[in-house]
Amino acid sequence: MRVKSLIKNADPIPDTAYEGLSARAADELAALVGPGGAVPSAAARRPSRRGFLVAAVAATVAVGIGGVALVSRESNQPGQTGGPVAGPRVADEPSYGSTATLERAADVIVRARLGAGREETVDDIPTTVATATVVAAAKGGTSGDAMRVSYPTPGSGPETAPLTAGREYVLLLEKGEDARYFLVNTTQGWYAVKDGTPIAGKDNGVALSPGVRTALRLTS
């Protein structure tokens, strides 16, 4: 209502508009709005072609602004028409800066042999579910246990662990629902075991504690 009032009461051509105009310009202005800036009666008023063009441009700009707003809004909602194509979701993983915080974050720390897995999709993320047979346990497990471990399928995205069936690993796991276990993260949740030695991945600068290595029968 405030905008409507301003439009109705606006004076686009004030009394001073004629000052400084040439005689020809003053005559043309008078033909549009009346002598001296007086607005002609409704019967005498005739919209000019320029008026139609201005109105058309204004409408086009309004539609354009609305379209930009719509596209902008849709661009923030993947999967909707006009927005970016939805892709695999990537988890925002925690990172641990010390041995103590890393080992404390795990519900289970075991040395296990990874079995063949099957693939499924969890929250749009390709996931491998495999059975890990526990060889030795340092926290939350028992030797001989068979644990279901879920992890992002290797090579399916930027945050995956290069785990291979048949190999031994130290696994640092969080317990989830349905008796499943998950890596505390894909870079620090595993150590490859080679000749009895735990080998961290290239992006993992945190070592296992002496107590954990001893419990898992690993050398330093």
Side-chain angles (χ1 to χ4, degrees), residues 77-79 84-220:
Q77 301 181 36
V85 178
R89 291 165 57 184
V90 177
D92 184 11
E93 295 192 315
S95 181
Y96 304 98
S98 70
T99 298
T101 56
L102 173 60
E103 294 180 354
R104 189 163 53 243
D107 298 317
V108 172
I109 303 176
V110 294
R111 175 180 176 181
R113 183 174 297 276
L114 192 66
R118 58 179 176 80
E119 289 193 28
E120 59 183 47
T121 300
V122 179
D123 294 333
D124 298 329
I125 299 174
T127 301
T128 297
V129 182
T131 299
T133 303
V134 177
V135 175
K139 181 181 180 182
T142 305
S143 179
D145 285 350
M147 310 177 70
R148 283 198 303 164
V149 180
S150 295
Y151 52 92
T153 299
S156 63
E159 294 178 350
T160 60
L163 303 182
T164 304
R167 293 194 60 180
E168 274 193 19
Y169 296 93
V170 174
L171 300 176
L172 292 90
L173 306 169
E174 293 178 332
K175 187 174 182 179
E177 297 178 352
D178 302 327
R180 289 194 184 189
Y181 293 84
F182 304 86
L183 301 175
V184 292
N185 66 34
T186 55
T187 57
Q188 298 174 299
W190 61 275
Y191 293 74
V193 176
K194 185 175 181 180
D195 299 327
T197 301
I199 301 173
K202 64 178 182 178
D203 296 320
N204 182 9
V206 178
L208 295 170
S209 67
V212 165
R213 293 198 304 270
T214 300
L216 299 181
R217 303 195 295 273
L218 297 169
T219 59
S220 58

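Counting heavy atoms from C-beta on, the side chains of Gln188 and Ser95 come closer than 4.5 Å. Trp190 places a side-chain heavy atom less than 4.5 Å from the side chain of Leu163. Counting only heavy atoms from C-beta outward, the side chains of Val206 and Tyr96 never approach each other to under 4.5 Å. Side-chain contact check for Ile109 versus Leu171: every heavy-atom pair is 4.5 Å or farther apart. Side-chain contact between Asn204 and Tyr191: present, with at least one pair of heavy atoms (C-beta onward) separated by less than 4.5 Å. In this structure, the side chains of Val134 and Thr142 stay at 4.5 Å or more apart for every pair of heavy atoms. Within the 4.5 Å cutoff, the side chain of Tyr151 has heavy atoms near those of the Leu114 side chain.
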From CA spacing to verdict: side-chain contact (heavy atoms from CB on, under 4.5 Å), Arg113, Arg167
CA-CA 6 Å; Arg113 183 174 297 276; Arg167 293 194 60 180; 5.9 Å; no
Derivation and outcome, side-chain contact (heavy atoms from CB on, under 4.5 Å), residues Val170 and Val193:
CA-CA 7 Å; Val170 174; Val193 176; 3.9 Å; yes
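Between Glu103 and Arg213 there is no salt bridge, since none of the side-chain N atoms of the basic residue sits less than 4.0 Å from a carboxylate O of the acidic one. Look at Glu168 and Arg111 and you find a salt bridge, because one of the NZ, NE, NH1 or NH2 atoms lies within 4.0 Å of a carboxylate O, short of that distance.
The side chain to side chain contact (heavy atoms under 4.5 Å, CB included) with Leu172 is formed by just one residue from the set Val184, Leu183, Val108; it is Val184. Applying side chain to side chain contact (heavy atoms under 4.5 Å, CB included) to Pro198 and the options Val212, Leu218, Leu216 leaves one that passes, Leu218.
At a cut-off of 3.5 Å, with distance as the only test, a side-chain donor of Thr153 or Thr128 sits close to an acceptor on the other residue. Side-chain contact annotation: Asn185 with Thr187, donor-acceptor N/O pair under 3.5 Å present. A donor-acceptor contact closer than 3.5 angstrom is absent between the side chains of Thr186 and Thr160.
At least one donor-acceptor pair closer than 3.5 Å links the side chain of Arg148 to the backbone N or O of Asp178. For the pair Thr99 (side chain) and Ala207 (backbone), a donor-acceptor distance under 3.5 Å is present. Of the possible donor and acceptor atoms, none in the side chain of Thr131 sits under 3.5 Å from a partner among the backbone N and O of Ala146. When atom types are taken as modelled, the side chain of Thr127 and the backbone of Ile125 share a donor-acceptor pair closer than 3.5 angstrom. Formation of a donor-acceptor pair under 3.5 Å by the Lys175 side chain with backbone atoms of Arg180 is not found in this model.
For the pair Ala215 and Ala136, the tightest heavy-atom approach, listed with the atom from each and the gap, is O-CB, 3.9 Å.
Atom CZ of Arg104 and atom OG of Ser98 lie 6.5 Å apart (nearest 0.5 Å). If you take CD on Glu119 and OG1 on Thr121, they are separated by 8.0 Å, rounding to the nearest 0.5 Å.
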